[in-house]
S.K.: 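My questions will all concern the structure given below.
Hydrogens, waters and symmetry mates are skipped; everything else that's a heavy atom, side chains included, is used. We count ligands from 1, going down the list as the structure has it; atoms in each ligand are counted the same way. Only a predicted model underlies this, so the values are computations on that prediction, with no experimental measurement involved.
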Amino acid sequence: MPSLSARSLSKQGDEGLAIDWSDGHHSVHTWQHLRTNCPCAGCREERQQPPDPFRILKPSELSPLKPVRLEPVGHYGYKIVWSDGHDSGIFTLEHLRELCECPSCQGKQKREPPTA
Ligand SMILES: [Zn+2]
Ligand SMILES: [Zn+2]
């Protein structure tokens, strides 16, 4: 069982989501980044497709997507309902924490080699 829990979630307007964690960490997420990492089977499959140059852009790719609702799922995650009606992605707390875009987490993900 993960001991990590979210103390509070707050919507940062059209920009993104901020989460206060039980360990004191404050994470920031842009909606774009969350949607790009949607964990549902449909989006995972779509991400695995090779890019098709003749593909017609979907309306959702032309206008930025907005979240309509954020619904808690049990005690382990949140479901995001998007403005295009997509609602099958459930973000677990662990996944949300992995997707944190704050400078310190970003630094951890791609650490620069120490310079002498
Ligand atoms: Zn999805
Ligand atoms: Zn972080």
S.K.: Can you check the angle at the Zn ion (ligand 1) formed by SG of C38 and SG of C43? Round it to the nearest 10°.
M.R.: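 Output for this angle: 110°, rounded to tens.
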
S.K.: Which angle, to 10 degrees, forms at the Zn ion (ligand 2) with SG of C100 on one side and SG of C105 on the other?
M.R.: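 With the Zn ion (ligand 2) as the vertex, the angle is close to 110°.
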
S.K.: Could you check which N/O/S atom of H25 is closest to the Zn ion (ligand 2)?
M.R.: NE2

S.K.: Checking Q12 side chain against H29 main chain: does a donor-acceptor pair fall under 3.5 Å?
M.R.: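 No, Q12 side chain to H29 backbone: no donor-acceptor pair under 3.5 Å.
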
S.K.: Is it the case that W21 and S27 place a side-chain donor and acceptor less than 3.5 Å from each other?
M.R.: yes

S.K.: More than 12 foreign heavy atoms under 6.0 Å from CZ of R47: is that the case here?
M.R.: yes

S.K.: Is a side-chain donor or acceptor of R44 paired with a backbone partner of P39 at a separation under 3.5 angstrom?
M.R.: yes

S.K.: Strictly under 2.8 Å, is any N, O or S atom of C102 next to the Zn ion (ligand 2)?
M.R.: yes

